[in-house]
Amino acid sequence: MNKYDPKQIEPKWQAIWEESNIYKADLESKKEKFFGFGMFNYPSGAGIHVGHVRNYTIPDVITRFKRQQGFATYQPVGWDSFGLPAENYAIKTGVSPQESTQKAIEKYQQQYRAMGWGVDWTKEIDTTDPNYYRWTQWIFAKLFENGFAYQKESAQWWCDKCKTVLADEQVINGKCWRHEGADDPLVSKRNLKQWFFKITDYADAILEATDGLNWTSSVKASQKSWIGKSVGAEVVFAVDGNDKNIEVFTTRPDTLFGATFLVLAPEHELVKNITTKDQEDTVEDYVVKSVIKTEVERQEAKYKTGVFTGSYAINPLNNEKIPIWIADYVLTGYGTGAIMAVPAHDERDYEFAKKYNLPIVEVISGGDTSKQAYMGSGKLINSAEFDSLDSKQAIEKITKWLEDRKIGKQKTNYKMRDWLISRQRYWGAPIPIIHCEDDGAVLVPESDLPVLLPEIEEYKPTGGNVSVLAGVEDWVNVACPKCGKMSKRETDTMDGYVCSSWYFLRYLNPHDDNQAWSPEVAKKWFPVDFYNGGAHATAHLLYARFFMRFFHQLGLVDTPEPFGKMVYNGLIRAADGSAFSKTLGNGMDPLEVIESGYGADALRLYEMFAAPVEQDVLWDIKGVPAMHRFLGRVWTFVQEYLSTKKGETESIDGLKVLQTTHKTIKKVTQDIESDKYNTAIAACMEALNTYNKYILDFGIQQSPEWKFAVESLLQILAPFAPHITEELWQQLGNTSSIHVDTWPKYDPQMIKDDVVTIVIQVNGKLRGEFVIETGASQESLEKKAIELNNQNNYTKDLEIIKTIVVPNRLVNFVVKQAG
RNA sequence: GCGCGGGUGGUGGAACUGGUAUACACGACAGACUUAAAAUCUGUUGCUCAUAGGGCUUGCGGGUUCGAGUCCCGCCCCGCGCACCA
């Protein structure tokens, strides 16, 4: 074989690797472990596109690197296969989700194999496999037994296209995350009895741990902003002439003297109670209008609106009567659904006060409240005994003052709510609950798990408040596990996020029928060493962290965090900057690139070379042939080596070869360790360019120096281009794989250059240069520079006031500026 | 508005703790090979004035320094995330 032909070598090695099980993880290994992978994929009918290639090549590179370094590595593979697309497809075509999912997975398997990703196929998982979701149901049971799963009737987002409720975080700009298009409807709210997981119990623990994570900073930032912690105080306001109290939440107790009115959300339970007779009609009218408006319309409103209730509250600090209003800019779901309005120091209250002519009282100095609200901190004024304190002290003192009188207390609020997990859809894991008239919600006993999803004929959702499963009578009707009375199964299924919040643990025991995972194995393999994804995946990561903490509390895992290192990788976008999407159909199939003759290695290399990992890349097919050419040069280089005779290289030349090689190994090793794949590849290219120049200069022979150069180049390139390097490795006469235990070591002694170029500057401007032995003394540098200055007159007869000498770098003459 | 990231040649991008800006690659141009083309190989390639040789250049304006893409201050622009969260 004389020409580089990926079509020949890639399938060949893929078959050999699979047969020889080189990527099969030995979970019992005594070696140091490395567990690395990208977020598992949802297998859609379209297959993966070149954007996905980046997501899985990154962990493949790092895991291969570690495998070569001698780690026990595990790069798992699995499918996040429950979800609406398969169900919607079933509704349209009648093909069951079971069948279409299976087909999609087969296509993905083919693509993954063709890319040469070194995953362990013997431990493949699929969330729709009853042997998998049995354990999803088991986790539900654990949560239920420990009080972390509960049912509650509440108003929830409803997507009219999906015919199901959605979690808050699945609503994007007022639309369903699956239906974000211009023609798609806004979500609305429906009152339903739903299942929730109590993630809020862990809000603080998750938040606290976030800063310490070795994760991409933007991902950490969005974790924190979703939790949305704010510390403040709850303050009780008495209603004037009424025995009711109104509680408000504020982060600025220091501004309490500036509270000139209260505002309740229109849905607030006390609205009816405190509205006076003469305001009844106005208030009623406003409430009705607000409720009809969708939440989205309310949030998009340009101007604040509201009405006076007719009642007054007493500001507990100064006993002033302040009016109580209702307005829809106050949200019912956050805090207490009521606020104290401090127009002088809050933009929103300021706008409202201006509009309705409510008093604005400045209590914090530092701004100009005649022009705008001053939101900063400062010294208190108009605040009686608290005057002249600064905001920070005042917050403490006023909170204490309220606490002493039992009319307020310190309080922390979170934007994060409990996790709504029920879905009124078919294609999900059934919730293992039986509703009994006498015993209420009863868990399906563990011995009866899994609760199998029954096969059905008609997938179309009822459109009502229950899933199609409600119509499967012989499935729904079942005896109560407690009392035996005929009862009904829960017909909602679980949100797909439930399945994807623990899959990383199942990777360890995919075939175990007795447990979800083995705590002993998990102890060795967790946390995950490298995790990545092409999205911030805020919800997924929060849920996974919640589950892990819960398992940790039960003693089922050893670490409270699932992912040690997490990297957000940028997206591959279409040439016009738009994201690849199934609807646009603008994503290229990697198989197309491979079949065109460039090969998977070139595609992998291109995507790793194009930009730093965290940055977006515009897809440019021209980059692939460029990498193919480079690999062709590597091929030729090795052929050239093989075609020469055994011999010796002159020691002075051999040293050059060695130095280049050691330097390159060092650079590539360090770059891969710090996720700088683009410069690692550039270093390989540079090395090859240098070797080719050496060949022109002094030739190549099968000497120890050139052998080391050729072998090392293949070894350091192997994580990026596994097929060609394996092929050439074998051509060099090796019988075992290049991918196991082969990472070359560099000798620090060999990376030092003998000579170094020193730059001569005048006032920092480049004037000349000379070459001198590495490590030459400052005196000799200066002497040489002065000598050259005398010859070339860099300083133009100006007076030298100072000479800066930086060893191994430069000599800078500082001169008096002329004129 | 808040948070996170960014702005460097025609293009994607390099640059260690401040020390030769533009590595590597694409594209372009020229040459070799060829009847010719493709492929391959070699060379040139930031802009600019030009005679040796200068001048200018990392979004803009200042500052610190012998020396700034890198540090400090003030802006502008782009991407992503969050957003009436009190």
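All heavy atoms count here, side chains included; hydrogens, waters and symmetry mates do not. Below, read A as the first sequence line, B as the second, and so on, with proteins coming before strands; counting in each chain starts at 1.
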Contact class for [X] vs. all strands (heavy atom < 4.0 Å): base, sugar-phosphate, or nothing?
| X | answer |
| --- | --- |
| Val814(A) | sugar-phosphate |
| Val330(A) | base |
| Asn678(A) | sugar-phosphate |
| Thr636(A) | nothing |
| Phe609(A) | base |

Calculate the interatomic distance between [X] atom [atom1] and [N] atom [atom2]; express it in whole Å.
| X | N | atom1 | atom2 | value |
| --- | --- | --- | --- | --- |
| Trp215(A) | G81(B) | CH2 | C1' | 15 Å |
| Tyr568(A) | C80(B) | OH | P | 9 Å |
| Leu618(A) | G10(B) | CG | P | 18 Å |
| Phe630(A) | A39(B) | CZ | P | 19 Å |
| Ile324(A) | A86(B) | CD1 | P | 22 Å |
| Glu607(A) | C24(B) | CD | P | 23 Å |

Any-strand Watson-Crick or G-U partner of [N], both distances under 3.5 Å:
| N | result |
| --- | --- |
| A14(B) | none |
| A39(B) | none |
| A28(B) | U44(B) |
| G61(B) | C73(B) |
| G67(B) | none |
| C82(B) | G1(B) |

Which of these nucleotides, [options], is closest to any side-chain atom of [X]?
| X | options | result |
| --- | --- | --- |
| Arg633(A) | C84(B), C82(B), C41(B) | C41(B) |
| Ser217(A) | G19(B), C4(B), C24(B) | C4(B) |
| Ala626(A) | U20(B), C4(B), A25(B) | A25(B) |
| Asp346(A) | C82(B), A86(B), A25(B) | A86(B) |
| Met685(A) | C4(B), C80(B), C24(B) | C24(B) |
| Ala221(A) | G27(B), G13(B), C4(B) | C4(B) |
| Thr679(A) | C84(B), U20(B), A14(B) | A14(B) |

Q) When you measure from every atom of RNA chain B, which of residues 660-672 of chain A have a heavy atom less than 4.0 Å away? A)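 RNA chain B contact set from residues 660-672 of chain A: none.
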Under 3.5 Å, is there a donor on one side chain and an acceptor on the other for [X] and [Y]?
| X | Y | result |
| --- | --- | --- |
| Thr795(A) | Arg767(A) | no |
| Thr57(A) | Tyr677(A) | no |
| Thr305(A) | Tyr286(A) | yes |
| Asp204(A) | Tyr414(A) | yes |

If you measure from the [atom1] atom in [N] to the same atom in [M], how many Å do you get, rounded?
| N | M | atom1 | value |
| --- | --- | --- | --- |
| C82(B) | C66(B) | C1' | 46 Å |
| G9(B) | C47(B) | C1' | 9 Å |
| C33(B) | G10(B) | C1' | 30 Å |
| G74(B) | G81(B) | C1' | 26 Å |
| G13(B) | G6(B) | C1' | 13 Å |
| A25(B) | U45(B) | P | 15 Å |
| U51(B) | U40(B) | P | 40 Å |
| A28(B) | C77(B) | C1' | 30 Å |

Check whether any side-chain nitrogen or oxygen of [X] sits under 4.0 Å from OP1 or OP2 of [N], and answer yes or no.
| X | N | value |
| --- | --- | --- |
| Ser222(A) | G3(B) | no |
| Tyr329(A) | A86(B) | no |
| Arg629(A) | C26(B) | yes |
| Gln615(A) | G13(B) | yes |
| Asn689(A) | A25(B) | yes |
| Lys676(A) | A23(B) | no |
| Lys802(A) | C66(B) | yes |

Q | Whether Lys7(A) side chain and Gly597(A) backbone form a donor-acceptor pair below 3.5 Å | A |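 No; zero donor-acceptor contacts below 3.5 Å.
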Q) How would you label the glycosidic angle of G46(B): syn (within 90° of 0) or anti? A) anti
(Q) I want to confirm an ordering. Mapping Val759(A) and Tyr334(A) to their closest nucleotides on RNA chain B, which one lands closer to the 5' end? (A)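 That would be Val759(A).
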Q.
Reading RNA chain B from 5' onward, which residue's closest nucleotide shows up sooner: Thr336(A) or Gln761(A)?
A.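 Checking each residue's closest nucleotide, the 5'-ward one belongs to Gln761(A).
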Q | Ring centers of Trp419(A), Tyr497(A) separated by less than 6.0 Å | A |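 Ring centroids of Trp419(A) and Tyr497(A) are no less than 6.0 Å from each other.
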**Q.** Distance-only donor-acceptor test, Arg809(A) side-chain atoms vs C16(B) base atoms, 3.5 Å
**A.**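 Checked by distance alone, the answer is yes.
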(Q) Regarding C82(B), can its base be found pairing with the side chain of Lys415(A) as donor and acceptor, where the two atoms are less than 3.5 Å apart? (A)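 Between C82(B) and Lys415(A), which were checked side chain against base, a qualifying N/O pair under 3.5 Å is absent.
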Q: Decide, yes or no, whether a salt bridge links Lys667(A) with Asp671(A) under the criterion of side-chain N to carboxylate O below 4.0 Å.
A: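 Salt bridge: yes.
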Q. Is any side-chain N of the basic residue among Asp254(A) and Arg252(A) closer than 4.0 Å to the acidic one's carboxylate O?
A.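 The answer is yes: the pair qualifies as a salt bridge.
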Q) Of all heavy-atom pairs between Thr664(A) and Ala683(A), which one has the smallest distance, and what is that distance? A)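 Looks like CG2-O, 3.7 Å.
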[X] atom [atom1], over 12 foreign heavy atoms within 6.0 Å:
| X | atom1 | value |
| --- | --- | --- |
| Glu269(A) | CD | no |
| Glu347(A) | CD | no |
| Lys355(A) | NZ | yes |
| Phe813(A) | CZ | yes |

Q. Once each nucleotide of nucleotides 43-58 of chain B is scored for protein heavy atoms under 4.0 Å, what B/S/- sequence comes out, 5' to 3'?
A. ------------SS--
Q: Would you please test Ser230(A) and Tyr334(A) for side-chain hydrogen bond (donor to acceptor under 3.5 Å, both in side chains) and show each step?
A: CA-CA 11 Å; Ser230(A) 44; Tyr334(A) 183 78; 2.8 Å; yes
